[in-house]
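These figures come from a predicted structure and were not determined experimentally. Here is the naming used below: chain letters follow the sequence lines, and residue numbers restart at 1 for every chain.
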2 protein chains.
Amino acid sequence: MSNQELVVLGRTDESATCCPGLLTAPLDGDQAVELAKVFKALGDPVRLRLLSMIASRAGGEVCVCDLTPAFDLSQPTISHHLKLLRQAGLIDCERRGTWVYYWLVPETTDRLASILTRPTGEPLPDRTAPAGAAS
Amino acid sequence: MSNQELVVLGRTDESATCCPGLLTAPLDGDQAVELAKVFKALGDPVRLRLLSMIASRAGGEVCVCDLTPAFDLSQPTISHHLKLLRQAGLIDCERRGTWVYYWLVPETTDRLASILTRPTGEPLPDRTAPAGAAS
DNA sequence: CCTCTATGTTGACATCCTTCGATGCAGCGC
DNA sequence: GCGCTGCATCGAAGGATGTCAACATAGAGG
């Protein structure tokens, strides 16, 4: 149950971790498809709230029974959203006795953050001087 | 044409910029809805590629006529995706003569990156000692 | 004014997504 | 074994989304 995330976001070596692009290189089709899956998982208010509830939990874990009552949604719906977050590699879970506990996979959010971070100090090109206007 | 982004992601003061949460606090419903709009805009491979093409462009700007031929999609479809990216506040555009130029709004991606960044050094809770097991 | 090119807009259609009720499965307690 | 609770899965319904062809709009250039 704990080993079926997508593990998208490309490889796990450091070169990809530090400056993979999106803001620096044109991102080929396959990379875009994989990345889109993760962002799509974040593109729902319920899943964002679930993720934040899980990530901000003191002990690092949350029982499903603590998540469900926070929403005006049925239990199967919450379960479905948790599944999508898990398939995106954003969270993972484990059953312990009667309950199932979820926790954040910080590697995934870390990678997303680095993907969205520009190479420091890029000097915001002067927009008063048209750049590609020549055709 | 250049002034209708959503300006989501909450306010623009620094307190929200440095540690808004998602990974630190449970994120209320309204915040989640606004944030989800931006992530949803990123949740499509075509839009991700468009964004990366725009963001990685040397001069900081790209003409639509340079974007459209890079996809096996009709021009209206590209135009539609660009509109969604613009409404999410991720890019902005301006018409100059016959052509329309798009550029990245780095404040938005910066904010997303900070939202996805954990407060440095959070010690990855020891998962061998169950935390919220009591119910 | 007319035409041509570059983009945006509209309406339609197929597909995907969110949600639910119903059901199934896994542990716990008797 | 039996029933109970917690959670996942299934199948269906309604709404949202991606895509296109057709059309509208804005400048450039005669």
Side-chain angles (χ1 to χ4, degrees), chain A residues 1-4 29 32-33 36-51 54 61-88 91-103 130 132-135, chain B residues 1-4 29 32-33 36-51 54 61-88 91-103 130 132-135:
Chain A
M1 173 182 258
S2 301
N3 54 352
Q4 47 174 304
V33 169
K37 291 178 185 173
V38 187
F39 281 124
K40 191 175 298 182
L42 293 173
D44 181 277
V46 175
R47 289 194 291 272
L48 276 182
R49 288 182 61 199
L50 282 170
L51 186 69
I54 294 171
E61 297 182 334
V62 193
C63 175
V64 175
C65 61
D66 290 330
L67 295 172
T68 305
F71 298 85
D72 283 333
L73 293 171
S74 67
Q75 173 268 321
T77 299
I78 300 298
S79 187
H80 173 243
H81 284 304
L82 288 171
K83 182 181 183 180
L84 292 184
L85 285 172
R86 194 160 50 86
Q87 290 179 330
I91 60 177
D92 202 354
C93 67
E94 180 187 13
R95 174 169 215 126
R96 278 204 291 277
T98 305
W99 297 280
V100 176
Y101 295 89
Y102 281 82
W103 58 84
S135 139
Chain B
M1 173 183 259
S2 301
N3 54 351
Q4 48 174 299
V33 169
K37 292 177 185 173
V38 186
F39 281 124
K40 191 174 299 183
L42 292 173
D44 181 277
V46 175
R47 289 195 290 272
L48 275 181
R49 289 183 60 200
L50 283 170
L51 187 70
I54 294 170
E61 296 182 333
V62 193
C63 175
V64 174
C65 61
D66 290 330
L67 295 172
T68 305
F71 298 85
D72 284 332
L73 292 172
S74 66
Q75 172 268 322
T77 299
I78 300 298
S79 187
H80 172 243
H81 285 304
L82 288 171
K83 183 181 183 179
L84 292 185
L85 285 172
R86 192 160 51 84
Q87 290 178 331
I91 59 177
D92 202 354
C93 67
E94 180 187 14
R95 174 167 217 129
R96 279 204 290 277
T98 304
W99 296 280
V100 176
Y101 295 89
Y102 282 82
W103 59 83
S135 156

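- For L67(B), the side-chain contact (heavy atoms from CB on, under 4.5 Å) partners are L50(B), M53(B), I54(B), V62(B), L82(B), not counting sequence neighbours.
- Between the P atom of dT5(D) and the CH2 atom of W99(A) lies a distance of 13 Å, rounded to the nearest Å.
- Direction of the helix axis in the helix from dC1(C)-dG30(D) to dC30(C)-dG1(D) shifts by 20° between the two five-pair termini, rounded to 10°.
- Looking at heavy atoms from C-beta onward, R86(A) lies in side-chain contact with D92(A) at the 4.5 angstrom threshold.
- If you take CG of L67(B) and P of dA6(C), they are 14 Å apart, rounded to a whole angstrom.
- The CD atom of Q87(B) sits 10.0 Å away from the NZ atom of K37(B) when rounded to the nearest 0.5 Å.
- Here dA16(D) presents its P atom at 13 Å from NZ of K37(B), a figure rounded to the nearest Å.
- Seen from the ring of Y101(B), R96(B) counts as a face-on cation partner, given the 6.0 Å and 45° thresholds.
- Contacts between residues 73-82 of chain B and DNA chain C, defined by a heavy-atom separation below 4.0 Å, involve Q75(B), P76(B), S79(B), listed by number.
- The CZ-C1' distance, from R47(B) to dT19(D), rounds to 12 Å in whole Å.
- Y102(B) has a side-chain polar atom (N or O) that falls below the 4.0 Å cut-off from OP1 or OP2 of dG8(C).
- Taking only side-chain nitrogens and oxygens, K40(B) comes nearer than 4.0 Å to OP1 or OP2 of dT17(D).
- Distance R86(B) CZ to dG8(C) P: 8 Å, rounded to the nearest Å.
- In this structure, the side-chain contact (heavy atoms from CB on, under 4.5 Å) partners of T77(B), at least two apart in sequence or on a different chain, are L73(B), S74(B), H81(B).
- Residue L84(B) is classed as a sugar-phosphate contact, given heavy-atom separations below 4.0 Å to backbone atoms only.
- Scored by the side-chain contact (heavy atoms from CB on, under 4.5 Å) test, S79(A) finds Q75(A) as partners (sequence neighbours excluded).
- The distance between atom OH of Y101(B) and atom C1' of dA6(C), rounded to the nearest whole Å, is 11 Å.
- Straight-line distance from the NZ atom of K83(B) to the P atom of dA6(C): 22 Å, rounded to whole Å.
- Looking only at distances, a side-chain donor or acceptor of R47(B) sits under 3.5 Å from a matching main-chain atom of K40(B).
- Among residues two or more places apart in sequence or in another chain, the side-chain contact (heavy atoms from CB on, under 4.5 Å) test is passed with A32(A) by L27(A), P45(B), L48(B), R49(B).
- The distance between atom CG of D66(A) and atom C1' of dC7(D), rounded to the nearest whole Å, is 14 Å.
- The shortest side-chain heavy-atom distance between V64(A) and W99(A) does not fall under the 4.5 Å cut-off.
- Phosphate contact (OP1/OP2 of dG6(D), side-chain N/O of R96(A), threshold under 4.0 Å): absent.
- When the side-chain nitrogen and oxygen atoms of R95(B) are compared with OP1 and OP2 of dG8(C), none of them lie within a distance under 4.0 Å.
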